[in-house]
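Working notes for the structure below.
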Amino acid sequence: MIKNDFQHIQCHLNQGVGELILNRAEKHNAFDEVMINEMIVAIEQFADSSECQILVLRANGKNFSAGADLNWMRKQAKMDFEQNLTDAHELAKLMHVLDKFPKPSIALVNGAAFGGALGLICCCDIAIANQGASFCLSEVKLGLIPAVISPYVVRAMGIRQARRYMLTAERFSADEALKQQVIHVIDDDLDIAAAPFITAFKANSPQGMAWVKTLVSRLEDGVINDATLSYTSEQIARIRVSDEGQEGLNAFFEKRSPAWQHAAVPQGAK
């Protein structure tokens, strides 16, 4: 069962698709320490659920997220260094657990996505936004920096473009976000646009997709050396002899569907 007694988010699980919904529409889904903690708990429970095959991150209301909550920022301004460090570690943990989520993840972005919201988007495997979506790394306007989210944003945009948008704090459109690889698709019907990805993910090997995420993570530095060759060779050898790898290969040669496509996924409670 998926816990759903949260203050600032909602969680649903239906036919293998887990939904984590930001639910502070009256605050433009700005996040504070409560929402951050709730999102960490939700992501971890979806990761542990055998019923969850895919995670969808979305938001209620007109905007995906305005970034940091103003009251939370006021608290931070009064904290000492150690308190701020503890606070920052929690946000870093949220980004980390979403980035390392062992199943495919999709962000559906409506309206404004500012500050830390870009970190969430860049941590997901697929990001889809509507045409009216807008994006901004606004931290320097407040004398701050997008520190915790920077590894994920820089990975998505590249260093050159990340420097521009982090230094100017300019607002940019969905078209520009697509160009800068923050999102993959623009579509005003987010659910219809997500459907082909969900269908594709459900057809694929769960183990294979999890291992792909780990593989790509290991290759982020772009270095190709003896250690890289050893690691990639070991990975393909290990997965070939694994139960799921054997099933996939046998199914291919026997011209049948692999077992994971026939596995019944119980419907979770909403």
Side-chain angles (χ1 to χ4, degrees), residues 2 4 9-23 25 29 39 42-43 45-47 49-65 98-113 117-135 152 156 173-213 216 244 248 251-252 256-270:
I2 296 298
N4 202 19
I9 65 172
Q10 296 175 343
C11 291
H12 304 317
L13 178 57
N14 189 31
Q15 296 186 354
V17 179
E19 283 194 325
L20 195 169
I21 306 169
L22 309 185
N23 191 38
N29 294 310
M39 291 182 71
I43 292 167
Q45 71 177 4
F46 280 128
S49 172
S50 60
E51 297 180 21
C52 178
Q53 298 170 284
I54 300 153
L55 177 66
V56 173
L57 175 64
R58 65 192 310 160
N60 285 330
K62 294 181 179 179
N63 295 304
F64 183 76
S65 175
L98 181 56
D99 184 59
K100 300 301 182 185
F101 189 72
K103 305 162 190 180
S105 57
I106 304 173
L108 302 182
V109 184
N110 57 299
L118 266 81
L120 297 175
I121 294 164
C122 291
C123 285
C124 289
D125 300 313
I126 302 292
I128 303 169
N130 62 11
Q131 188 67 61
S134 60
F135 305 81
Y152 312 103
S173 67
D175 288 323
E176 188 64 21
L178 181 65
K179 180 180 176 182
Q180 300 305 335
Q181 302 187 92
V182 172
I183 61 174
H184 297 88
V185 176
I186 299 173
D187 197 309
D188 284 337
D189 195 320
L190 299 176
D191 289 304
I192 286 179
F197 292 105
I198 291 172
T199 299
F201 293 146
K202 285 187 175 183
N204 295 338
S205 156
Q207 175 185 265
M209 291 188 294
W211 282 35
V212 161
K213 294 186 71 165
V216 172
E244 210 161 282
F252 175 77
R256 60 175 175 82
S257 298
W260 59 78
Q261 291 185 10
H262 303 291
V265 179
Q267 182 169 315
K270 282 197 174 187

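Residues: numbered from 1 along the sequence shown. Being a predicted model, the structure only gives us computed values, none of them experimental.
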Sequence-distant partners of Ala25, side chain to side chain contact (heavy atoms under 4.5 Å, CB included), two or more places apart: none

Side chain to side chain contact (heavy atoms under 4.5 Å, CB included) partners of Lys103, counting only residues at least two apart: Cys52, Phe101

Side chain to side chain donor-acceptor pair (under 3.5 Å) partners of [X], counting only residues at least two apart:
X      : answer
Ser205 : Glu244
Asn204 : none
Lys100 : Ser217

Residue pair [X] / [Y]: nearest heavy atoms and the distance that separates them:
X      : Y      : value
Ala194 : Ile106 : O-CD1, 4.5 Å
Cys122 : Val182 : SG-CG1, 4.3 Å
Gln53  : Pro104 : O-CD, 3.4 Å
Ala113 : Ile121 : CB-CD1, 3.7 Å
Gly132 : Asp188 : N-OD1, 4.4 Å
Ser173 : Phe135 : O-CD1, 3.9 Å

The test is side-chain contact (heavy atoms from CB on, under 4.5 Å); show your working for Leu57 and Cys124 and say whether it passes. CA-CA 8 Å; Leu57 175 64; Cys124 289; 4.2 Å; yes

Find the distance between [atom1] ([X]) and [atom2] ([Y]) and round it off to the nearest 0.5 Å.
X      : Y      : atom1 : atom2 : result
Leu118 : Gln180 : CG    : CD    : 11.5 Å
Gln10  : Asn60  : CD    : CG    : 5.0 Å
Ile198 : Ile54  : CD1   : CD1   : 5.5 Å
Asp189 : Leu108 : CG    : CG    : 10.0 Å
Asn29  : Asn23  : CG    : CG    : 7.0 Å

Check step by step if side-chain contact (heavy atoms from CB on, under 4.5 Å) holds for Phe46 and Val56. CA-CA 10 Å; Phe46 280 128; Val56 173; over 6 Å; no

Has His184 got a side-chain atom pairing as donor or acceptor with Ala127's backbone, closer than 3.5 angstrom? yes

Just by modelled atom types, is the Ala195 backbone N or O under 3.5 Å from a matching donor or acceptor in the Thr199 side chain? yes

List the steps and the verdict of side-chain contact (heavy atoms from CB on, under 4.5 Å) for Leu55 and Leu98. CA-CA 10 Å; Leu55 177 66; Leu98 181 56; 4.0 Å; yes

Take Arg58 and Asp191 through the side-chain contact (heavy atoms from CB on, under 4.5 Å) test and state the conclusion after the steps. CA-CA 10 Å; Arg58 65 192 310 160; Asp191 289 304; 2.8 Å; yes

Is any side-chain heavy atom of Ser49 less than 4.5 Å from a side-chain heavy atom of Leu13? yes

Is the shortest heavy-atom distance from the side chain of Val17 to the side chain of Lys202 under 4.5 Å? yes

Applied to residues 117-135, the side-chain hydrogen bond (donor to acceptor under 3.5 Å, both in side chains) test, sequence neighbours excluded, yields Ser105-Asp125, Asp125-Lys213, Gln131-Asp175, Ser134-Arg171

